[in-house]
Amino acid sequence: MKKHTQILAPTAENIARVADALKNGDIAAMPTETVYGLAGNALDARAVAKIFDAKQRPTFDPLIVHLSEQTPVDTLVDIKKLSKLARERLEILKKNYWPGPLTLVLPKLALVPDLVTSGLNSVAIRVPRHSIAQALLTQSGLPLAAPSANRFGRISPTKAQDVMNELQGRLDWILDGGPCEIGVESSVLELRVDGSLNLLRPGGISQLEIEKLLQTQVGRELSLVEKASPSPGLLENHYAPGCPLFLLSGPALRGSEPDRVFNEVLRKRPGRLGVLLYSGKPQKIQSQLSLILGLPVVALSLSENGDPLEAAKNLFSHLRQLDQSGAEILLAEPCPTISGIGHAITDRLARAARK
Ligand code: TXA
Ligand code: MG
């Protein structure tokens with residue numbers, strides 16, 4: 001049955017109301033410092049099934065479980081399986097990055113439903129630092145499974161209204177926490193029982209930072225989820241706007257260097273072109289390109305002075321804005337650095353792009 005979805009101001013009363021709904025096995029959207037999540041009781045397989053259903057997410061793609069700051073990780077994680085080195089590293093990672101945008105994949109206890117982990121024997125755990133997410137976790141007293149609150153494969157939401165546009169009619173409540181502070185999802189780091197580390201998804205905390213902190217190398221192997229995916233490419237093609245997106249270098253966009261993709265795209269004669277610049281002022285490029293191509297162009301810049309944190313914060317909302325501008329093709333300039341959060345920006349754009 002179609003639901004009447006409402007955006008709620010984060011008053012104490014509304015937070016209590018949503019916490020009660022979660023305790024009753026319902027799902028609701030909550031803000032976090034990275035992106036908005038679609039939350040449900042992680043220990044209730046029926047609530048978890050509602051999340052998969054609302055997102056139309058295939059059940060082979062496991063969910064992240066969120067914990068309150070007070071909940072010990074060993075309520076869900078089988079700490080006994082970890083070697084001494086792994087336990088030491090876990091303590092250092094927790095101390096430095098929780099609460100915050102780091103998700104750790106660790107051996108799970110049997111009480112975590114298989115649906116949450118897609119049958120894997122590990123569970124992804126994150127302690128968000130957003131005060132509304134923390135309030136919901138504490139007041140419901142539940143671990144909350146929460147994937148990004150978008151339909152599967154689409155752009156992650158960084159505002160309450162984005163969640164409304166993605167999932168209207170599929171949930172009752174969206175708690176409004178304003179725009180998300182970071183704008184891209186958490187880094188997902190696998191801590192194996194022997195203590196070795198593997199970065200499964202770049203995000204708010206960089207590989208280099210983790211390597212420096214732990215004085216060890218972090219691998220970049222495909223996750224079991226991606227390896228076992230029944231349809232390779234399904235997980236790879238993510239964060240997609242409604243119209244095709246192509247990556248183009250800055251010089252190609254600024255007209256100083258010919259680019260094969262550019263010519264190919266133009267041969268399709270789009271009615272309107274959307275351009276996502278990494279830095280600089282968009283107005284100039286917008287009028288230049290429009291004049292050269294003889295078609296309407298709408299350009300946005302992720303950060304006029306090239307600040308990677310600002311660029312990450314704007315990434316998904318700018319993609320959405322261009323998607324909604326009537327553009328038929330989007331061209332995006334990749335982040336010039338792949339260090340720090342630039343790695344996460346480049347990863348998301350590469351996955352959004354047409355292969
Ligand atoms: O910032 C975030 O992490 C947001 C907010 C809402 O917390 N959540 C989020 O969830 O991005 P989601 O479901 O969109 O992404 C979860 C990622 C997926 O790539 C999934 O494959 C991976 O985590 N994952 C979850 N459990 C895993 C496991 N046991 N082993 C390997 N990867 C896992
Ligand atoms: Mg997601």
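Numbering of ligands and ligand atoms starts at 1, following listing order.
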Near S148 (heavy-atom distance under 4.0 Å), the atoms of ligand 1 are 8 (N), 9 (C), 10 (O), 12 (P), 14 (O)

If the threshold is 4.0 Å, N to carboxylate O, is there a salt bridge linking E181 and R129? yes

D26/K50 ion pair, N-O < 4.0 Å: yes

Can you list the atoms of ligand 1 that are under 4.0 Å from a heavy atom of L120? 28 (C), 29 (N), 30 (N)

The option among A149, S187, P147 carrying the non-hydrogen atom nearest to atom 12 (P) of ligand 1 is P147

Can you list the atoms of ligand 1 that are under 4.0 Å from a heavy atom of L200? 31 (C), 32 (N)

S156 and side chain to side chain donor-acceptor pair (under 3.5 Å): which single residue from R320, E185, E166 fits? E185

At under 4.0 Å between heavy atoms, which part of K55 makes contact with ligand 1: side chain, backbone, both or neither? neither

Name the option, out of A133, S186, C180, that contains the heavy atom nearest to atom 2 (C) of ligand 1. S186

T103 versus R201, side-chain donor and acceptor atoms under 3.5 Å: no

For atom 29 (N) of ligand 1, state which one of A145, P157, S122 supplies the nearest heavy atom. S122

Tell me, please: is T117 in heavy-atom contact with ligand 1, that is, under 4.0 Å? no

The atoms of ligand 1 lying under 4.0 Å from a heavy atom of G37, numbered in the order shown, are 6 (C)

Examine S148 and say whether one of its N/O/S atoms is closer to the Mg ion (ligand 2) than 2.8 Å. yes

Is the backbone of I182 close enough, under 3.5 Å, to the side chain of E33 for a donor and an acceptor to pair up by distance? no

Charged N to carboxylate O below 4.0 Å: is that the case for R17 and D20? no

Between E310 and K313, is there a side-chain N and carboxylate O pair less than 4.0 Å apart? no

Between R126 and ligand 1, which part of the residue brings a heavy atom under 4.0 Å of the ligand: side chain, backbone, both or neither? side chain

Does any N/O atom on H66 come nearer than 3.5 Å to any N/O atom on ligand 1? yes

Near A146 (heavy-atom distance under 4.0 Å), the atoms of ligand 1 are 6 (C), 8 (N), 10 (O)

Give the atom numbers and elements of ligand 1 that come within less than 4.0 Å of a heavy atom of E185. 1 (O), 2 (C), 11 (O)

Under the criterion salt bridge (charged side-chain N to carboxylate O under 4.0 Å, His left out), I'd like the reasoning laid out for D44 against R46: C-alpha separation, chi angles, the key distance, then a yes or no. CA-CA 5 Å; D44 174 358; R46 285 188 52 195; 5.6 Å; no

Answer yes or no for K108: is there a heavy-atom contact with ligand 1 below 4.0 Å? no

For R154 and Q56, does a side-chain donor sit closer than 3.5 Å to a side-chain acceptor? no

Could you walk me through whether R192 and E221 pass salt bridge (charged side-chain N to carboxylate O under 4.0 Å, His left out), step by step? CA-CA 13 Å; R192 302 200 180 106; E221 279 174 37; 3.7 Å; yes

Is it the side chain (CB and beyond), the backbone, both or neither of E190 that lies under 4.0 Å from ligand 1, heavy atoms counted? neither

Report yes if some N/O of R201 lies less than 3.5 Å from some N/O of ligand 1; otherwise report no. yes

Examine the side chains of Q134 and S68 and answer whether a donor and an acceptor come within less than 3.5 Å of each other. no

Heavy-atom contacts with V105 under 4.0 Å: which atoms of ligand 1 show up? List them by number with element. 28 (C), 29 (N), 30 (N)

So is Y36 polar-close to ligand 1, meaning N/O to N/O under 3.5 Å? no

Shortest non-hydrogen contact from L109 toward D74: CD1-O, 3.4 Å

